[in-house]
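What you see below is based on every heavy atom in this structure, not just the backbone, and it leaves out hydrogens, waters and symmetry mates. Note that ligands are numbered from 1 as they come in the structure, with each ligand's atoms numbered from 1 the same way. Just so you know, these numbers come straight off a predicted model, no measurement behind them.
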Amino acid sequence: MSAATFVVAGASTACASNRHPVKGNAKARSAALGARRAVASRGDVRELSSERHASFRASTARVGARRASPVTPRALDAAQPFDFEAKQRQKVEKKRTLKIGIVGFGNFGQFLAKRFIKNGHDVIATSRSDYGSIAAELNVGYYRDPDDFCEMHPDVVIFCTSILSTEATINAFPMQRLRRNTLVADVLSVKQFPKQLFLQRMPENFDILCLHPMFGPDSGKGSWKDLPLVYDKVRVGEEKSRRERVERLLSVFEDEGCRMVEMSCEEHDIQAASSQFITHTVGRMLGTMELGETTINTKGYESLLSLVNNTYNDSFDLYYGLFMYNKNATAELSRLELAFSQVKAQLFDRLHTLIRDDIFDEASVPTGLRSGNGKARNGGGGDTPAEERTFKDRLIDQVNSGGSLGGSTDEKERGDKSAREEGAASR
Ligand code: NAP
């Protein structure tokens with residue numbers, strides 16, 4: 001990188017003129033000017049044409065202007081913050097075209113390929129199935145045979161295979177045909193698993209970058225603005241070109257507006273189990289319920305429908321992978337199950353208590369047992385005799401009284417009993 005060295009013209013410095021080429025030049029020029037002025041004063045200028053007079057005046061004006069200017073750039077040798085040329089060069093370098101190879105050209109592989117191409121990169125792909133015609137439409141070079149794919153020497157190879165098939169795909173992948181310092185990356189929705197696979201199976205001179213775009217073909221259909229991209233630079237060589245290659249790949253997501261989150265693969269899996277896995281589980285449950293549009297959709301219901309849309313279309317392999325290959329998922333599933341049982345128990349406990357009240361009330365009317373809300377059976381329902389009041393009447397009665405639905409005889413009895421025990425203890 002280079003920038004200007006500056007000399008303050010006209011400032012008297014301690015620097016000797018013979019050691020200072022710029023100042024030396026200025027001296028020489030002003031000596032020449034003096035000589036010309038002397039000639040002019042001897043009257044020899046009378047022979048000079050008016051044209052030469054004009055040029056003489058212009059050159060005098062130029063020297064004067066140069067003297068008046070406070071700063072004069074002379075040489076380019078060191079970086080300065082205002083050096084736009086250097087900044088521009090950095091930008092161009094960042095944008096330099098990558099040859100990106102995609103392994104697994106399914107739903108997500110194609111989705112990524114479109115954005116890479118939009119960002120000016122060359123994309124080639126390989127996959128188990130034949131995607132030749134789709135690839136041609138997208139302007140992607142398609143190689144059914146992974147050997148042919150590797151011999152195209154992509155700068156970056158991104159595994160977009162299903163979580164379940166990634167290990168087998170990597171085991172069978174002819175990486176010896178790739179360039180010696182290829183950058184390998186993955187976009188699996190779990191991160192610790194591919195990181196370990198890469199570290200175990202990839203040659204040591206390969207760089208490793210683990211990525212997780214936390215969005216998919218549905219949620220990232222339009223803009224990627226503020227959508228999170230989690231990345232972990234697991235292993236990147238020291239050379240500048242290798243670090244720049246990683247930055248160039250990341251810049252695709254950055255330039256698309258993603259929220260860039262650098263995070264270890266381990267931390268990702270902890271956080272993803274309680275966010276992404278739960279989201280997918282609830283989305284799948286609701287999808288299985290086959291929720292449909294109603295004419296009175298609330299905002300909350302709309303968001304449930306959009307949750308189903310964003311998750312239910314993903315392959316079951318993907319969902320199963322989120323569970324099987326993230327060791328934190330089992331605990332989260334148990335927590336979800338427990339929470340559901342607790343909520344359900346709360347509902348059924350109250351209902352159960354109410355039904356029991358009803359059974360006991362019916363049986364004990366003659367002995368004067370009280371109804372669930374603690375009122376005398378014939379007291380709470382206006383003029384209706386207690387015996388004629390229905391279960392629903394009593395329910396409404398209880399809600400109106402502000403008491404809990406399950407304000408049962410049992411609870412009241414429990415309260416009385418503990419009051420009696422407290423009294424006995426204080427005595
Ligand atoms: P997927 O069902 O998880 O994966 C489909 C891809 O895996 C296809 O390319 C398919 O190849 C390949 N594949 C499946 N079984 C294979 C096998 N036995 N041998 C070789 N290849 C096999 O669906 P996806 O949505 O495209 O996801 C791909 C990757 O992206 C996954 O790792 C997923 O976790 C990740 N991801 C997905 C999303 C999303 O929203 N969809 C978001 C972020 C990350 P063929 O089509 O050639 O059979």
Output all residues satisfying side-chain contact (heavy atoms from CB on, under 4.5 Å) with Y312, sequence neighbours left out; order by chain, then residue number. R284, T288, V308
Contact residues of ligand 1 (heavy atom under 4.0 Å), by chain and number: G104, F105, G106, N107, F108, S127, R128, S129, Y131, C160, T161, S162, I163, S165, T169, V187, L188, S189, H212, P213, F215, G216, P217, D314, S315, L318
When K195, K327, K191 are each screened for salt bridge (Lys or Arg N to Asp or Glu O under 4.0 Å) with E266, the one that passes is K195
Validation: residues 199-209 side-chain donor-acceptor distances under 3.5 Å, sequence neighbours left out:
| from | atom 1 | to | atom 2 | distance (Å) |
| --- | --- | --- | --- | --- |
| R201 | NH1 | N171 | OD1 | 2.5 |
| R201 | NH2 | E167 | OE2 | 3.3 |
| N205 | ND2 | R180 | O | 2.9 |
| D207 | OD1 | G237 | N | 3.0 |
| D207 | OD1 | R242 | NH1 | 3.1 |
| D207 | OD2 | R245 | NH2 | 3.0 |

Hits for side-chain contact (heavy atoms from CB on, under 4.5 Å) against P174, two or more places apart or cross-chain, chain-then-number order -> P146, D147, C150, Q176, R177
Going from CG on N309 to CG on L304, what distance comes out if it is rounded to the nearest 0.5 angstrom? 11.5 Å
Is it true that, when you exclude Y301 itself, more than 12 heavy atoms of the residues, nucleotides or ligands shown sit nearer than 6.0 Å to its OH? yes
